[in-house]
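See structure below.
Note that ligands are numbered from 1 as they come in the structure, with each ligand's atoms numbered from 1 the same way. Just the heavy atoms: all of them, side chains too, but no hydrogens, waters or symmetry mates, feed the values below.
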Amino acid sequence: MLYKNYIGGEWVDAKGGGTFQSVNPATGAVLGDVALSGPEDVNAAAEAAASAFDAWRKTPAPKRGEILFRAGEILVRRKEELARLMTQEMGKVLKETRGDVQEAIDMTYYMAGEGRRLFGQTTPSELPNKFAMSLRDPIGVVAAITPWNFPLAIPTWKIMPALIAGNTVVFKPASDTPILAWQLASILEEAGLPPGALNVVFGPGGQAGQALVESLKVALVSFTGSTAVGRELGATASARGKRVSLEMGGKNAILVMADADLELAVEGIIWSAFGTTGQRCTAASRVIAQRGIAEELTQMIVARAEKLRLGDGLRADTDMGPLINEAARRKVHAYVQVGQQEGARLRAGGETAETGELRRGFFYKPTVFAEVRPEARLAQEEIFGPVVAVIPVDNLQEAIAVNNATGYGLSSSLYTRDVNQAFQAIRDITTGLVYINAGTIGAEVHLPFGGTRGTGNGHREAGQSALDIFSEWKTVFVDYSGRLQRAQIDVEEQKSQP
Ligand code: UN1
């Protein structure tokens, strides 16, 4: 099947006629051909979004919400089918792709409900016979540029709040997962979204993404992906005066204190480090362990990591799927070599997994390094694969200092039974997400999501904060006094009157 672009409510070929393939990373099977878009296609999509904007912003927000509710219902009905398709397109195991679809459902329903809220403020004016309030206005055409690791969830984090706030959207999904993006667009079409409110262009970032960020029709760029690409897109967009929201890399840590429930901590570590094959921006790639228990904890992690079954995520007995592509596998292996050169001790994995059926996919063994120095590249740079580095420290203060000392700031977790230590950590950790006695992954859609330092640029997706990205505050004063009232000045004069 050929998956076409969706522009102005029509499914259309790329203007240049080119296509690329979507491939199953576990088996190498080709799943479909996809329109390969260039600047012309992107401009047509941005044009369609701009034309649809006026009617969409004037559609009452509760009506916009009804369309989102219907989309949510379709997602619910098709959950299992979409999860299976997602496992085939990006490799993560079925229970995780079900979670991804569920996150998309949750976000869609949550933002549908916002159609009847979108609250502003009303507040007394400082002057008599004057009314003051704030309203949310849409911004215009939103470019949503999304990664492949959450092929449905992350697009909904951007598209649903953008739409409910009255913006129109050009969606450029990662070229590793176009089919799930196509499905999302067709679900919104079926739900009754008017033509042009959402447009989709497929293709690699270098061509399609770049043109989108440069388009004069686009008012806002919302990007999730690598820090290197995000910074570049952000600079291009900012130079053109666009609003930019960036959600980028992570180097997340799980801090384990000597008093912690180690069994529980290991559960959290295995799930956070090797879930999605370590390909989450929230993945735990560092374990910062108090010295007394560091070796015991490492042994427990190694024992569990070695038992993980690699394979096709569609199989019920698979624990960990492949990496997304060969380039990703090469990058992971290069970091393993860096770790060894840096003197870290390789305790598990460290090589591709190529026995039997695994030869067909991009598999890499769950990898554990021990005695890693906090400043080592292995402990500082985002690997985006199944590699975890154990860093020994003396106490909580040192653990927090090591945790905070990277160029990223997304998620941290602390395992302890000591409530005082837990609250100290909550106070002193400088990442956007903090978990106590849970791993680094597991964000919920109605709370702010995002990070500090190289992870973001100060915005938070999800929760109410998502609406702040996708709307502009308009402050309104209505003076019904029938005379000129001067704010600040007349107040002073009233005070000085006897
Ligand atoms: C991401 O990895 O880009 O908390 C997002 C989590 C998920 C979202 C991750 N709910 O890991």
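- Listed by number with element, the atoms of ligand 1 under 4.0 Å from a non-hydrogen atom of Cys281 are 1 (C), 2 (O), 3 (O), 5 (C).
- Less than 4.0 angstrom separates some heavy atom of Ala443 from each of these atoms of ligand 1: 4 (O), 6 (C), 10 (N).
- Residue Trp157 has no N or O atom closer than 3.5 Å to an N or O atom of ligand 1.
- For the 3.5 Å distance criterion, the side chains of Asp468 and Gln464 fail to qualify, holding no donor opposite an acceptor.
- Between Thr282 and ligand 1, at least one pair of N/O atoms sits closer than 3.5 Å.
- A side-chain donor from one of Trp157 and Glu103 sits under 3.5 Å from a side-chain acceptor of the other.
- Only side-chain heavy atoms of Glu103 come within less than 4.0 Å of ligand 1; its backbone N, CA, C and O stay farther off.
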Pair Tyr335, Val332 - check side-chain contact (heavy atoms from CB on, under 4.5 Å), show working. CA-CA 5 Å; Tyr335 271 108; Val332 168; 6.0 Å; no
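- Inspection of the Thr406 and Gln380 side chains reveals no N or O donor paired with an N or O acceptor under 3.5 Å.
- When only modelled atom types and interatomic distance are considered, Thr430 and Thr452 share no side-chain donor-acceptor pair under 3.5 Å.
- The shortest side-chain heavy-atom distance between Ser272 and Thr440 falls under the 4.5 Å cut-off.
- Every atom of ligand 1 with a heavy atom of Gly442 under 4.0 Å away is listed here by number and element: 4 (O), 6 (C), 11 (O).
- Put simply, CD on Glu444 and CZ on Phe449 are 12.5 Å apart, with the number rounded to the nearest 0.5 Å.
- Protein heavy atom closest to atom 9 (C) of ligand 1, with residue, atom name and distance, is Phe150 CE1, 3.6 Å.
- Near Ile441, meaning under 4.0 Å from any of its heavy atoms, are these atoms of ligand 1: 4 (O), 11 (O).
- Checked by atom type, the side-chain pair Glu96/Thr276 shows a donor-acceptor distance below 3.5 Å.
- Atom numbering of ligand 1 starts at 1 in the shown order; those under 4.0 Å from a heavy atom of Ile154 are 3 (O).
- When non-hydrogen atoms are compared, ligand 1 lies under 4.0 Å from neither the backbone nor the side chain of Thr224.
- For ligand 1, the atoms closer than 4.0 angstrom to any heavy atom of Arg280 are 2 (O), 6 (C), 7 (C), 11 (O).
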